[in-house]
Amino acid sequence: MSRLAAGVVLVTAQEPPLDPDDPHAPGVEDVGMTATAFLSVSLDPPLVMVSLREGARMDDLLAEQPLWAVSVLAESQRHIAGRFAMKGRISDRLLFEDIPYRRGEVTGAPLVGGALATLECRTEQRVAAGDHTLVIGRVLTARVPSAEGGPLLYFRGRYRQLG
């Protein structure tokens, strides 16, 4: 499957505070994950699907939080993809610190500035598939904030760009 080129997206959502008893803790925590297994499922109704490793933080979160967002990354956003693909990171809050983003109007999840497209979704269905969970989401909003540049791709274990 490493020979199949895939687009790269950042999947984001909000989770409740890690310590609800801490009055200084933020009201919600932003969570992000790089994904290459993302695709359009249906135009009517508008549905998309992302494949999440079973037991991963995002898989656990989306089992409880039905609202999430996707930013389709541009070729110039390789650093964002690499940052959110790191294993064993301590805090996503630090990863979002210097990335331009806006909050989704429906989900409240971060939508990356300069992304080729952004989507806000609500989970319609979760399907167990081997060691992954296929999360099918209804698209609630779709925007094309940037028409500049090409897509970031993943091919043969590396990030690539067209041409």
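The first residue of the sequence shown is numbered 1, and numbering continues consecutively from there.
Separation of atoms CE (M33) and CG (L95) is listed at 13.5 Å; rounding is to 0.5 Å. The structure places CD of E64 at 11.0 Å from CG of D59, a figure rounded to the nearest 0.5 Å. Taking CG of D98 as the start and NE2 of H79 as the end, the distance is 7.0 Å to the nearest 0.5 Å. Here I80 contributes atom CD1 and I99 contributes atom CD1; the two are 4.5 Å apart, rounded to the nearest 0.5 Å. Atom CD of E105 sits about 4.5 Å away from atom CZ of R143, to the nearest 0.5 Å.
The side-chain contact (heavy atoms from CB on, under 4.5 Å) test with L52 is passed by exactly one of L134, D60, L62: L62.
Under a 3.5 Å cut-off, the side chain of Q77 and the backbone N or O of G113 do form a donor-acceptor pair. Panel note: side chain Q14, backbone G108; a donor-acceptor pair is recorded below 3.5 Å. No donor-acceptor distance shorter than 3.5 angstrom exists from the side chain of T107 to the backbone of E120, with no hydrogens or angles considered.
The shortest distance between side-chain heavy atoms of C121 and R138 does not fall below 4.5 Å. Here the side chains of E54 and H132 are not in contact, with every heavy-atom distance at 4.5 Å or above.
When the side chains of ILVMFWY residues are joined at heavy-atom separations under 4.5 Å, either directly or via intervening members, M58 and M49 end up in two distinct hydrophobic clusters. When the side chains of ILVMFWY residues are joined at heavy-atom separations under 4.5 Å, either directly or via intervening members, L39 and L47 end up in a single hydrophobic cluster. Put simply, V9 and L162 are part of two different groups of oily side chains (I, L, V, M, F, W, Y) that touch within less than 4.5 Å, one to the next. Note on L43 and F38: separate hydrophobic clusters, where clusters join Ile, Leu, Val, Met, Phe, Trp and Tyr whose side-chain heavy atoms are under 4.5 Å apart, directly or indirectly. Y159 and V70 are not part of a single hydrophobic cluster, where members link through side-chain heavy atoms under 4.5 Å apart.
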Original post:
Can V112 and T118 be said to form a side chain to side chain contact (heavy atoms under 4.5 Å, CB included), step by step?
Top reply: CA-CA 8 Å; V112 177; T118 60; over 6 Å; no

**OP:** Apply side chain to side chain contact (heavy atoms under 4.5 Å, CB included) to the pair L119 and V48, showing each step before the final yes or no.
**Re:** CA-CA 9 Å; L119 307 168; V48 294; 4.1 Å; yes

**OP:** Kindly determine whether E124 and R122 satisfy salt bridge (Lys or Arg N to Asp or Glu O under 4.0 Å), including the steps that lead there.
**Re:** CA-CA 6 Å; E124 291 273 310; R122 182 184 66 243; 3.3 Å; yes

Subject >> Intermediate values then yes/no, side chain to side chain contact (heavy atoms under 4.5 Å, CB included), V8 and R78 >> reply: CA-CA 9 Å; V8 183; R78 178 186 304 216; over 6 Å; no

Original post:
Between R57 and D92, is a side chain to side chain contact (heavy atoms under 4.5 Å, CB included) present by the stated rule, with each step listed?
Top reply: CA-CA 11 Å; R57 183 176 182 195; D92 282 15; 3.6 Å; yes

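The two residues V50 and V11 have their closest heavy-atom pair at CG2-CG2, 4.0 Å. The nearest pair of heavy atoms linking R160 to F155 is NE-O, 3.2 Å. Taking all atoms of both residues into account, the shortest heavy-atom contact from R83 to M86 is O-CE, 3.3 Å. Heavy atoms only, all atoms of each residue included: S71 and P110 are closest at OG-O, 4.4 Å. The minimum heavy-atom distance between L111 and A69, with the atom names listed, is CD2-CB, 3.5 Å. Closest non-hydrogen pair, L10 versus G32, comes out as CD1-C, 4.2 Å.
In the hydrophobic clustering (ILVMFWY side chains linked at under 4.5 Å, chained through shared members), L140 is joined by L67, V106.
Residues in residues 95-129 take part in these ring-ring contact (aromatic ring centres under 6.0 Å, His included) pairs, two or more places apart or across chains: F84-F96, F96-Y101.
Shown here are the side-chain hydrogen bond (donor to acceptor under 3.5 Å, both in side chains) partners of Q125, two or more places apart in sequence or in another chain: there are none.
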